[in-house]
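Atoms within a ligand are numbered from 1 in the order they appear, just like the ligands themselves. In this text the structure is predicted, and so the values were computed from the model without any measurement.
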Amino acid sequence: MKHLIAPSILAADFGNLQRDIEMLNHSEAEWIHVDVMDGMFVPNISFGFPVIEAVKKHARKPLDVHLMIADPDRYIERFAAAGAEVITVHYEACTHLHRTIEAIHAAGCKAGVALNPHTPVQLLEDVLEFLDLALIMSVNPGFGGQKFIPNTYKKIAALRQLAGGSSAALVIEVDGGVDTANIAALKKAGANAFVAGSAVFAAEDPAAKIAELNRTAAVAFDLHA
Ligand code: DX5
Ligand code: ZN
């Protein structure tokens, strides 16, 4: 199964954002993960449209926008206009999830749904066929640098099974506490997109860290080849 690394700019140096984006452009990262927090759905505020537009100006890779915001339907078109290629909303934040997924596609983006650590993957069953991506949170959303929750492995494996057959192309992304210590096991469980914030940006050589994550995931014995 093909996999990709999506470094999260939440852990970047915002005073040197252009430098960090250029680093990602020249690295083995395939997507750039963009964490939007509204201080309502999660107890933290990150950044909004002006920052995303600035990132887009320099990024040579797709922006994977993770919306940790209440009622995201209000802003889908604006995130698409700001340069998102993938838009992921939270299951817990949407009353009419199917409509939201349709709105993301209508805006020309790939559609993802994220699940908090307490939300069972089975709740995605009736929207799976419409999804490009499912994001399994392996920490409670809101902050970078938190400890990975091991229950995530079981959720990923169950979701990969649920997505078998007609949804086999589903991207299963894992977000929170991902590092070289767990990325191979996460790939083995069935994930194929890996968000890494602090692991990448706290490293002495972030581009080398991205390459190491990529390599470590690649050598995982692949049950889903
Ligand atoms: C958490 C965000 C993550 C975060 C990951 O709410 O969704 O994308 O940046 O950071 P690390 O890799 O440091 O756990
Ligand atoms: Zn995220």
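- Heavy-atom contacts of His33 reach the following atoms of ligand 1: 8 (O) (cutoff under 4.0 Å).
- For ligand 1, the atoms closer than 4.0 angstrom to any heavy atom of Ser8 are 8 (O), 9 (O).
- The NE2 atom of His33 and the OD1 atom of Asp35 meet at the Zn ion (ligand 2) at an angle of about 90°, given to 10°.
- Ligand 1 places these atoms under 4.0 Å from at least one heavy atom of Leu10: 9 (O).
- Within the listing of ligand 1, atoms 14 (O) sit less than 4.0 angstrom from a heavy atom of Gly176.
- Ligand 1 has at least one atom lying under 4.0 Å from a heavy atom of Gly145.
- Under 3.5 Å, the side chains of Asn140 and His118 contain no donor-acceptor pair of N or O atoms.
- If you check the side chains of Asp35 and His33, you find a donor sitting under 3.5 Å from an acceptor.
- For Asp175, the N, O or S atom closest to the Zn ion (ligand 2) goes by the atom name OD2.
- Remark: ligand 1 atoms within the under-4.0 Å shell around heavy atoms of Val195 are 8 (O).
- Contact atoms of ligand 1 toward Met68: 6 (O), 7 (O) (distance under 4.0 Å to a heavy atom of the residue).
- Distances between N or O atoms of Ala196 and those of ligand 1 include no value under 3.5 Å.
- Atom CZ of Arg99 has 12 or fewer heavy atoms from other residues, nucleotides or ligands within 6.0 Å.
- Considering all non-hydrogen atoms of both residues, Ala184 and Thr216 come closest at CB-O, 3.8 Å.
- Distance from atom 1 (C) of ligand 1 to its nearest protein heavy atom, with residue and atom name: Phe143 O, 3.5 Å.
- Atoms of ligand 1 lying under 4.0 Å from at least one heavy atom of Met37, given by number and element, are 6 (O).
- Here the protein heavy atom with the shortest distance to atom 14 (O) of ligand 1 is Gly177 N, 2.8 Å.
- Checking Asn214 against His3 by side-chain atom types alone, a donor-acceptor pair falls below 3.5 Å.
- Here the shortest heavy-atom pairing between Ile87 and Ala80 reads CD1-N, 4.0 Å.
- When hydrogens are left out, the protein atom nearest atom 3 (C) of ligand 1 is Asp175 OD1, 2.9 Å; that is the closest non-hydrogen contact.
- Per-residue contacts place Pro141 under 4.0 angstrom from the following atoms of ligand 1 (heavy atoms of the residue considered): 6 (O).
- Summarising the geometry of Ala191 relative to Val174, their closest heavy-atom pair is CB-CG1, 4.1 Å, with the distance given to 0.1 Å.
- For atom 12 (O) of ligand 1, the nearest non-hydrogen atom of the protein is Gly197 N, 2.7 Å.
- The two residues Arg160 and Ala189 make their nearest non-hydrogen contact at CB-O, 4.2 Å.
- Looking at His66, its N, O or S atom nearest to the Zn ion (ligand 2) turns out to be ND1.
- Annotation: Gln146, atom CD; neighbour count of heavy atoms from other residues, nucleotides and ligands within 6.0 Å is above 12.
- Ranking the protein heavy atoms by distance from atom 6 (O) of ligand 1 puts Gly142 N, 2.8 Å first.
- Glu53 has no carboxylate O lying under 4.0 Å from a charged side-chain N of Arg78, or vice versa, which leaves the two without a salt bridge.
- The two residues Pro117 and Val139 have their closest heavy-atom pair at CG-O, 3.3 Å.
- No donor-acceptor pair closer than 3.5 Å links the side chain of Lys110 to the backbone N or O of Leu133.
- The residue from Pro7, Ala11, Gly144 that puts a heavy atom closest to atom 10 (O) of ligand 1 is Gly144.
- The backbone and the side chain of Ser198 each have at least one atom closer than 4.0 Å to an atom of ligand 1 (non-hydrogen atoms only).
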